[in-house]
Amino acid sequence: MDNQESRLKSFHSAGRGYWADVSDADWNDWRWQMKHRITKVEQLERLLPTLTPEERAGAILAGESKLSMAITPYFFSLIDAGDELCPIRRQVIPRLEETTTARWEMSDPCGEDSHSPVPGLVHRYPDRVLFLVTDRCAAYCRYCTRSRLVSNASGYDFHPEYDRQIAYIESHPEVRDVLLSGGDPLLLSDEKLENLLSRLRAIPHVEFLRIGTRIPIFLPQRITPELCAMLKQFHPLFISVHTNHPRELTTEVRDALGRLADSGIPLGNQSVLLRHVNDDPETMKALVQKLLMCRVRPYYLYQCDLIQGSAHLRASVKRGLEIMEALRGHTTGYAVPQYVIDAPGGGGKVPINPEYLLKSGPDKVVIRNYEGRRFVYPDAGGEEAEWLEPVGRHGLPKRVVYGD
Ligand SMILES: *Cc1c(COP(=O)(O)O)cnc(C)c1O
């Protein structure tokens, strides 16, 4: 392991940064963290002496725009104040560029609203639904694909159409998988979340539950033993977290993820490919390997959605493919996520892969491996496959006639 790699993969505590005087009890209390979030430009100016004019302007405008600013003190402590391109900083501190909108950028880039049979529910795939639980998150990612809905748009806990959401699932027996997202479902109190999970579990055709959340990363203090004990009643329950850079995987996060894994919850990760955050093979490889060390299986790598004002954070598809090429075969298969583009306008997730199939004929395919070496695979049913059939050790016929 070279130095850079071991530095990226070593676990550190976020520390206390500017909050050295806060008691352990307060710091480790998720409600204290939520109450003390950084939401105003004056706080940023005080806490981040290297705040740039673009960031200052961005933070002022965030108050008036769709997506407000909020950063937990814990996550803020991960920012490297000396580095303008700090990958943590770029994800959560607004920038002036957010106000620039390209022609092809949208407020609902995945066309979720057009696939919404009742408010707060997206039914795009045949057997599963996306259930938008709340409109709040612990912190706001500047590239949020649901910025039209989140950051306390209306400040509700449960979606106001909660009963209609449940009724829709009850009356659609094809829905066997419910994905809770939002907003962040883990911001709900244990009691409210338990109520929701119980109502979903009471529906006989709902086989599988999962939660999409960035709380373990933004607010690991929320992953209490009580929360874990409550969640484990609802198996099979999976959780997908959202991590983009190996520095987000602190000792605090590793412990929180460990508590979830110990509760029998299989963990996946969804990353977004972001310019100057994780758009290079070294960072991404360190991230996916470090995730496995936290018992999290990398699930999806998303091409950044065409959300308004995100051009400065988007990396190219070509870059994404180079990164995938650098992962597959070069590291543990479990560490390799599926790279996808959520098709603009509502086509759903489309897998994007480097090309390993070089030629495909009626009787054979030509493939290459991760090192670029070529191989011919005589395909089943073709001429070549027939005469390549091994001569049987026990006098089996040299030619096998298929179908006999
Ligand atoms: C991503 C997504 C899902 C879940 O997709 P999987 O590939 O099963 O993880 C379901 N509904 C919507 C609308 C989604 O965007």
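Every number for a ligand or one of its atoms is a count from 1 in the order of the listing. Because the structure is predicted, anything quoted here is derived from the model rather than measured.
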Check the angle between the aromatic planes of Phe76 and Trp19 and answer parallel, tilted or perpendicular using the 30° and 60° thresholds.
perpendicular
To the nearest 0.5 Å, tell me how far Asn244 CG sits from Met284 CE.
7.5 Å
For ligand 1, which atoms sit closer than 4.0 Å to a heavy atom of Tyr299?
6 (P), 7 (O), 8 (O), 9 (O)
Atom 12 (C) of ligand 1: the protein heavy-atom neighbour that sits closest, reported with distance to 0.1 Å
Tyr125 CE1, 3.8 Å
Go through ligand 1 atom by atom and flag the ones less than 4.0 Å from a non-hydrogen atom of Arg124.
13 (C), 15 (O)
Ligand 1 atoms nearer than 4.0 angstrom to some heavy atom of Lys349 are 1 (C), 2 (C), 3 (C), 4 (C), 5 (O), 14 (C), 15 (O)
Closest heavy-atom pair and its distance - Pro216, Thr213:
CD-OG1, 3.5 Å
What is the closest protein heavy atom to atom 4 (C) of ligand 1, and at what distance does it sit?
Arg210 NH2, 3.4 Å
For the residue pair Phe218 and Tyr74, is the inter-centroid distance of their aromatic rings smaller than 6.0 Å?
no
Of the listed options Glu112, Gln270, Arg128, closest to atom 8 (O) of ligand 1 (non-hydrogen atoms)
Arg128
Do the side chains of Arg222 and Asp29 get close enough for a salt bridge, i.e. N-O under 4.0 angstrom?
no
Give yes if a backbone or side-chain nitrogen or oxygen of Tyr300 is under 3.5 Å from a nitrogen or oxygen of ligand 1, and no if not.
yes
Side-chain donor or acceptor of Arg297 paired with backbone N/O of Pro266 under 3.5 Å:
no
Numbering the atoms of ligand 1 from 1, which are under 4.0 Å from a heavy atom of Val122?
13 (C)
